[in-house]
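Computed over heavy atoms, backbone and side chain alike; hydrogens, waters and symmetry mates excluded.
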Amino acid sequence: MALPPSGTTDEAFLREVDEEYRRAQMLSIWQRYGKLIIGAVVLALAAFAGFLFWQHQTASAAGQRGEQYDSALREIEQNQLDKAGPDLAKLSAKGGDGFAAMSAIVEGNLALQKKDAKGAVAKFAAVATNSAYPKTFRDYALLRQTVAEYDSLKPEVVVSRLQGLAKPDSAWFGSAGELVATAQIKLGKRAEAGKLLQQIAQGGENVPETTRQRAVQLASVLGIDVLGQSKEKQAQ
């Protein structure tokens, strides 16, 4: 090995040797794995580009489904059910998103209008039991399913099925709570039904006015003065 140039320190010489050694290592690594590194970078860029394309296509497809769903609703408003039916069927068959779920639910509602309760229940149940759909749609479908077959269900089945929705923090509290309270009355659980009806009557804007009024009337049949209790609570 050559001696260090005159005037350089041992430290500077060692640093120069170390840098030369690193360059030699890097060159060796590049010669061995350069093509693999380039390939990995290309694949990563291709994957990222694919993700961006998929994201764009997903957004575009969602926009198209939204337009198709709105079009089907307009056809229903215009009583063009022969056109709306096939359009809704195409959307619901795709599955997985809110438009598919609501399309199936609307199909169920149309079946009820035709007095096809069995067909309606099948549509609602298909959404309620499909975990691919968002929970909000599954809950609504379960509620509609229960309404469609309420007369044929045992009261305990209604309570078991809807008790998770019959809570003040549920989006479907008013409707689900009313069905559960009615079922509890049939089971002789008047105290539980009265408590639930009181919560519905005092549910405020989260519960439709007509539902609150029915809760007051039903509670009065049980001898519960919901409005009086509400005034006492406010006075306190």
Side-chain angles (χ1 to χ4, degrees), residues 50-77 80-184 196 200 203 206-208 211:
F51 170 75
L52 292 178
F53 178 75
W54 170 84
Q55 196 174 44
H56 170 73
Q57 290 293 94
T58 300
S60 177
Q64 291 177 359
R65 288 195 295 274
E67 292 176 0
Q68 292 169 355
Y69 179 73
D70 289 341
S71 176
L73 293 185
R74 286 194 297 271
E75 290 167 349
I76 293 173
E77 291 176 356
Q80 298 177 344
L81 301 184
D82 56 330
K83 293 182 179 180
D87 290 342
L88 290 170
K90 290 178 182 178
L91 284 170
S92 62
K94 294 179 180 179
D97 64 3
F99 292 118
M102 282 306 302
S103 295
I105 291 172
V106 172
E107 285 184 293
N109 291 337
L110 292 177
L112 282 180
Q113 291 181 14
K114 297 177 182 177
K115 301 188 183 304
D116 179 13
K118 185 177 180 180
V121 168
K123 288 293 183 181
F124 298 142
V127 176
T129 58
N130 191 337
S131 60
Y133 291 124
K135 187 176 184 304
T136 300
F137 298 104
R138 286 187 280 122
D139 289 346
Y140 180 53
L142 180 63
L143 179 60
R144 295 295 296 135
Q145 178 189 351
T146 305
V147 170
E149 56 184 354
Y150 186 82
D151 292 337
S152 64
L153 293 176
K154 293 182 178 180
E156 55 267 30
V157 174
V158 175
V159 174
S160 175
R161 183 184 289 184
L162 297 182
Q163 60 183 352
L165 304 182
K167 296 180 180 179
D169 61 348
S170 168
W172 315 113
F173 172 53
S175 299
E178 189 175 20
L179 292 173
V180 170
T182 304
Q184 288 173 333
L196 184 53
I200 295 171
N206 293 329
V207 179
T211 305

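- How far CG of Asp87 is from CG of Leu73: 10.5 Å, rounded to the nearest 0.5 Å.
- Two residues are said to be in side-chain contact when any heavy atoms from C-beta on lie closer than 4.5 Å; Val180 and Leu165 fail this criterion.
- Remark: Ala84 pairs with Glu75, Ile76 by the side chain to side chain contact (heavy atoms under 4.5 Å, CB included) rule, at least two apart or across chains.
- One N or O on the side chain of Ser92 and one on the backbone of Leu88 form a donor-acceptor pair closer than 3.5 Å.
- Within the structure, salt bridge (charged side-chain N to carboxylate O under 4.0 Å, His left out) pairs that include any residue of residues 99-121 comprise Glu107-Lys123 (at least two apart or interchain).
- Qualifying side chain to side chain donor-acceptor pair (under 3.5 Å) partners for Asp139, counting only residues two or more places apart in sequence or in other chains: Lys135.
- Between Leu112 and Phe124, the shortest heavy-atom contact is CD1-CE1, 4.0 Å.
- Scanning both residues, Tyr150 and Leu179, for their nearest heavy atoms gives OH-O, 3.6 Å.
- Remark: Leu142 CG to Arg161 CZ distance equals 6.0 Å, nearest 0.5 Å.
- Among residue pairs with one or both ends in residues 174-183, those qualifying as side-chain hydrogen bond (donor to acceptor under 3.5 Å, both in side chains) are Glu178-Arg214; sequence neighbours excluded.
- For the pair Ala120 and Gly108, the tightest heavy-atom approach, listed with the atom from each and the gap, is CB-O, 3.2 Å.
- The shortest non-hydrogen separation linking Ala128 to Ala141 is N-CB, 3.7 Å.
- Residues in residues 152-183 take part in these ring pair (Phe, Tyr, Trp, His ring centres under 6.0 Å) pairs, two or more places apart or across chains: Tyr140-Trp172.
- Between the OH atom in Tyr133 and the CE atom in Met102 there is a gap of 11.5 Å [rounded to 0.5 Å].
- A pairwise comparison of heavy atoms in Gly177 and Ala166 identifies CA-CB, 3.7 Å as the closest pair.
- Formation of a donor-acceptor pair under 3.5 Å by the Ser103 side chain with backbone atoms of Phe99 is found in this model.
- In this structure Arg138 satisfies the salt bridge (Lys or Arg N to Asp or Glu O under 4.0 Å) test with no other residue, sequence neighbours excluded.
- Expressed to the nearest 0.5 Å, how far OG1 of Thr146 lies from CG of Leu162 amounts to 4.0 Å.
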